[in-house]
Structure formats: C-alpha cells, structure tokens
Amino acid sequence: MSESLSAQHPLPESWDRHLGAEFDAPYMQALRDALAKDKRERRIIYPHSSNWFRAFQLTPLDQVKVVILGQDPYHGPDQAHGLCFSVQPGVKLPPSLRNIYKELASDLGCTPVDHGHLEYWARQGVLLLNTVLTVEAGQAASHRGRGWETFTDRAIAAVNEHCAPCVFLLWGSHARRKKALIDTDRHLVLESPHPSPLSAHRGFFGNHHFSQGNAFLAAHGREPIDWQLPTQP
C-alpha cells in the first residue's frame with residue numbers, strides 16, 4: 001500500500017521536487033495506514049489507486065496555467081479517474097459538469113459535448129484538483145479529514161510559489177477557503193458559487209471566468225486554454 005501512494009505512481013519531477021518529501025510525513029503515513037485498513041476490510045475505494053495522482057501526472061507543476069478545485073472524487077461506479085469534475089468515457093454527465101458546459105457556451109461559445117472526460121484540459125495546463133483524492137464507494141465525503149487536505153494544500157502552495165502567473169477558479173465555499181493560500185497580487189483568483197444545480201443560479205452562471213482567465217493568461221504572455229472539448233474523449 002505504501003508503494004501505491006508514491007513509488008508505483010510517481011509524481012512528475014517538477015511536482016516531486018516540492019511534494020516528494022510529503023510521502024514520508026507522519027500525516028501521510030497515517031493516511032497510508034487508513035487506506036491499507038480499508039483494503040483489508042474489502043471496502044471499495046474510488047478512484048482506482050492508479051488514478052489517485054492523475055491530476056499531477058497530466059499537469060506537471062511547470063505547466064500549470066489554471067487551477068480548478070473540487071472537493072471529493074465521485075463516489076459512484078466507473079465515474080472518478082483522478083480529475084475534479086471529470087468522469088470516464090461513457091459515463092453520464094454529472095449535473096455540475098453540465099452547468100460548467102452551459103457557462104462555457106454562454107461565455108466563449110463552446111459547443112457542449114456529450115461526454116465528461118476532461119483530460120484535454122488537463123494536458124493544456126488546467127490542474128483539475130480535488131482537495132481529497134479518495135472516497136469510499138457510495139459514501140460522499142468519507143475520506144475527508146484523513147490527511148489528503150494537507151497534501152493538496154501543499155500542492156496549491158507550490159503552484160502559488162513556483163508557477164508563472166496562474167488563474168485560480170474557486171467555485172463554492174469549500175474552494176473559496178483556499179484563497180488564503182494564494183498571492184492575489186501575482187495570480188488571478190476568480191470566485192463564484194459552485195456549479196451544482198443547488199447554487200449555479202446564484203452567480204455561477206454569468207461569471208465569465210473562462211474568458212477572464214484566458215485574457216489574464218494572454219496578458220501575461222501565456223497561451224490561453226482551448227476550452228472547446230473534442231467531440232470524442
């Protein structure tokens with residue numbers, strides 16, 4: 001189990017330089033023990049361990065342009081694969097992601113696609129980071145407070161300190177609390193309600209975060225994100 005947290009699925013060198021030592025920290029050892037106990041008890045954990053660090057693997061630290069923060073992985077079968085808001089090919093679009101597509105269509109004219117696979121964004125420098133990287137099947141928020149938050153806070157701090165000017169999209173109260181980790185004089189922080197159907201109409205729709213973020217990147221000499229997803233994942 002210790003290898004499944006680090007050695008089997010190494011971080012890219014740019015991330016490992018700043019986060020590698022975290023795997024030896026007491027909080028991470030405790031998290032490793034808790035996940036090992038889950039395995040012994042035959043609990044189903046999402047995503048598969050090979051995808052726990054997928055966001056870091058697809059978006060190395062030195063390539064980060066935009067950070068989108070989620071909370072927990074999806075807890076239904078075959079959904080989560082290590083990127084916040086994203087689901088595996090062939091899985092029904094989650095409601096929050098459907099609302100993200102609506103805002104993209106309104107803001108940038110992007111045509112909504114019928115899949116929810118967001119690796120195209122991740123490979124362009126969009127860090128799609130959940131603040132908790134595992135969850136028990138059918139049990140939302142079941143792994144909060146185990147230690148993942150410390151690890152992902154370190155990741156946010158690394159982006160803040162070591163990356164060229166980036167865009168942080170903080171949707172919902174949970175993500176907005178992470179603003180304290182970000183130098184707002186250097187990076188662009190955009191906040192709004194969460195895209196969930198429960199809150200999207202309170203200010204997520206019409207926030208124009210995607211166009212504002214691209215304008216900021218262009219103004220700082222960075223290539224804007226192509227938010228138009230391909231028809232096929």
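Scope of the values below: all heavy atoms of this structure, side chains included, with no hydrogens, waters or symmetry mates.
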In terms of hydrophobic clusters joined by side-chain contacts under 4.5 Å, are V167 and L181 together? no
Give the minimum heavy-atom separation between A158 and W15, together with the two atoms involved. CB-CZ3, 4.2 Å
Rounded distance (nearest 0.5 Å) linking atom CZ of R154 with atom OG1 of T150: 6.0 Å
E41 atom CD, over 12 foreign heavy atoms within 6.0 Å: yes
Euclidean distance, R54 CZ relative to L128 CG, rounded to 0.5 Å: 11.5 Å
Have a look at F205 and tell me which of H201, H209, H208 forms a ring-ring contact (aromatic ring centres under 6.0 Å, His included) with it. H201
To the nearest 0.5 Å, what is the distance between CG on L170 and NZ on K178? 10.5 Å
So, taking the atom named CG in N99 and the one named CG in L97, what distance separates them when rounded to the nearest 0.5 Å? 9.0 Å
Is the shortest distance from a Lys or Arg side-chain nitrogen in R146 or D38 to a carboxylate oxygen in the other one below 4.0 Å? yes
Side-chain heavy atoms under 4.5 angstrom apart, residues restricted to Ile, Leu, Val, Met, Phe, Trp, Tyr: same cluster for L11 and V159? yes
Value rounded to 0.5 Å, distance of NZ in K102 from CG in D107: 15.5 Å
Kindly give the heavy-atom pair with the smallest separation between H194 and W171, and that separation in Å. CD2-O, 3.6 Å
Would L133 end up clustered with I68 when hydrophobic side chains under 4.5 Å apart are linked, directly or stepwise? no
How long is the gap from CH2 on W148 to CG on L31, to the nearest 0.5 Å? 5.0 Å
Checking R32 side chain against F23 main chain: does a donor-acceptor pair fall under 3.5 Å? yes
Shortest non-hydrogen pair, R186 vs F216, comes out as O-CZ, 3.8 Å
Does the side chain of T134 pick up a donor-acceptor pair with the side chain of H143 at under 3.5 Å? yes
Has H48 got a side-chain atom pairing as donor or acceptor with S50's backbone, closer than 3.5 angstrom? yes
Residues in ring pair (Phe, Tyr, Trp, His ring centres under 6.0 Å) contact with H115, at least two apart in sequence or another chain: none
By side-chain contact (heavy atoms from CB on, under 4.5 Å) - contacts of R144 (at least two apart): Q71, D72, V132, A141, E149
Looking only at heavy atoms, what is the nearest atom pair of G213 and L188, with distance? CA-CD2, 4.3 Å
My understanding is that only residues two or more places apart in sequence, or in another chain, count here; which of them pass side-chain contact (heavy atoms from CB on, under 4.5 Å) with T111? Q228
Ring pair (Phe, Tyr, Trp, His ring centres under 6.0 Å) partners for Y27, two or more places apart: none
Taking all atoms of both residues into account, what is the closest heavy-atom pair of Y101 and G116, and its distance? OH-CA, 3.5 Å
Aromatic rings F56 and F151: how do their planes relate, parallel, tilted or perpendicular, breaks at 30° and 60°? perpendicular
W227 and W121 aromatic ring geometry - parallel, tilted or perpendicular at 30°/60° bounds: perpendicular
Connected hydrophobic set around I44, excluding itself, where side chains approach under 4.5 Å: Y46, V135
In short, ring-ring contact (aromatic ring centres under 6.0 Å, His included) pairs touching residues 58-79 with sequence neighbours left out are none
Give me the atom names and distance for the closest heavy-atom approach of L127 to T59. N-CG2, 4.0 Å
Sidechain N-carboxylate O distance under 4.0 Å for K65, E223: no
